[in-house]
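Just below is one structure, and these are the notes that go with it.
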Number of protein chains: 2
Amino acid sequence: MLKISNQGDDMKKTDHLKNAGLKSTLPRIKVLSLFESAEQRHMSAEDIYKLLLSTGDDVGLATVYRILTQFEQAGLLVRHFFEGGKSVFELNQGKHHDHIVCLQCGQVEEFYDQAIEERQEKAATERGFSIRDHSLYIYADCNKENCPHR
Amino acid sequence: MLKISNQGDDMKKTDHLKNAGLKSTLPRIKVLSLFESAEQRHMSAEDIYKLLLSTGDDVGLATVYRILTQFEQAGLLVRHFFEGGKSVFELNQGKHHDHIVCLQCGQVEEFYDQAIEERQEKAATERGFSIRDHSLYIYADCNKENCPHR
DNA sequence: ATCGCAAATGATAATGATTATCATTTGTAT
DNA sequence: ATACAAATGATAATCATTATCATTTGCGAT
Ligand SMILES: [Mn+2]
Ligand SMILES: [Mn+2]
Ligand SMILES: [Zn+2]
Ligand SMILES: [Zn+2]
């Protein structure tokens with residue numbers, strides 16, 4: 001039961017998990033660490049699974065799925081349904097925002113528009129609906145140099 | 001090879017299909033008819049399949065899926081990805097619009113907000129993106145009398 | 001540090017939606 | 001009416017995700 005390295009860092013995550021009502025386990029700490037250190041904020045279960053494999057931090061695929069759902073329910077992660085059929089997750093930093101997804105390179109950019117939010121609320125209440133949630137995805141070409149198309 | 005009934009109606013659909021570059025077949029005419037006569041505009045493959053079964057107009061499930069995809073590519077239908085994992089289709093009436101979906105009864109209401117459209121365009125161009133498409137779904141409680149939840 | 005045990009994990013089977021195969025049927029141009 | 005490419009339908013295969021269940025692990029109480 002050697003404790004190897006960064007106890008301090010894992011301690012912080014342990015507390016983070018405990019606060020969320022989840023017991024601190026190795027797989028959960030690994031997934032949480034990945035989200036905090038990964039270059040891309042938005043990742044699918046498969047992304048997580050493969051990244052963990054690549055660093056030798058093996059976690060079963062079923063466990064990855066379970067943890068993602070638990071983290072979502074605990075409010076640690078937010079789930080998105082981009083086109084393509086698979087769920088994508090990101091760390092919940094508390095601020096709601098919408099997304100622009102490049103159809104060529106998959107790059108995701110975040111934005112927030114107060115006017116859009118207000119008009120949505122208006123559209124719903126005008127029709128007698130009470131908004132629970134909403135999702136706005138803009139699919140586009142990013143036109144960046146490193147982007148495959150153009 | 002009896003021609004039974006409504007030749008006039010089927011003739012119109014035949015032309016409709018031909019114009020879309022699709023040859024006029026019985027399954028395609030049935031699916032198109034269903035969309036034009038169904039009470040709910042927004043339907044999944046399974047919905048279509050079961051409705052056709054219920055009227056004795058049997059069409060294989062694989063064929064339903066193929067036809068929906070073909071109709072989408074031909075511009076006859078529009079596909080939506082509401083939460084829940086399954087694609088939903090509606091007749092393409094040419095006018096873009098967004099959707100409010102009741103989380104309790106599944107009722108779908110359509111709306112269009114010019115301001116939202118413009119702000120989306122702005123958000124994208126400000127970041128150098130060229131919009132190809134976008135999807136905006138509002139999930140809410142409809143608060144109608146006939147709705148299960150209150 | 002050691003126990004005890006509920007909770008978590010992981011290998012794998014199962015599910016649900018959708019697509020691929022391929023033998024048979026059908027629409028259509030001749 | 002004939003011929004043949006295209007479409008259909010039964011079914012297998014695929015993909016993402018969830019369910020099972022035997023084994024392992026975190027953690028509170030000794
Ligand atoms: Mn985001
Ligand atoms: Mn609609
Ligand atoms: Zn790009
Ligand atoms: Zn409702």
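Below, chains carry the letters A, B, ... as their sequence lines are ordered, and counting in each starts from 1. We use all heavy atoms of the structure for the numbers below, so side chains are in, but hydrogens, waters and symmetry mates are not.
- Distance check, rounded to the nearest 0.5 Å: OG of B/S24 to NZ of B/K18 gives 6.0 Å.
- Between A/V108 and A/F82, some side-chain heavy-atom pair lies under the 4.5 Å cut-off.
- One can place NZ of B/K23 at 11 Å from P of D/dA5, the figure rounded to the nearest angstrom.
- Here the rule is side chain to side chain contact (heavy atoms under 4.5 Å, CB included) with B/F71, and of B/V78, B/L91, B/L17, B/N92 only B/L17 fits it.
- Between B/K18 and C/dT28 there is a side-chain polar atom (N or O) within less than 4.0 angstrom of OP1 or OP2.
- A/Y65 is connected to A/L53 through a chain of hydrophobic side-chain contacts under 4.5 Å among Ile, Leu, Val, Met, Phe, Trp and Tyr, so both are in one cluster.
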Nucleic acid footprint by protein, nucleotides 8-18 of chain D - heavy-atom cut-off 4.0 Å, B for base, S for sugar-phosphate alone: BBBB----SBB

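- For the pair B/L68 CG and C/dT19 P, the computed distance is 10 Å after rounding to whole Å.
- For the side-chain hydrogen bond (donor to acceptor under 3.5 Å, both in side chains) with B/E117, the lone residue among B/H96, B/H97, B/K122 that qualifies is B/H96.
- Between the P atom of C/dT26 and the CG atom of B/L17 lies a distance of 18 Å, rounded to the nearest Å.
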Take A/E109 and A/K144 through the test salt bridge (charged side-chain N to carboxylate O under 4.0 Å, His left out) and record every step on the way to the result. CA-CA 12 Å; A/E109 208 147 314; A/K144 303 279 197 304; 3.8 Å; yes

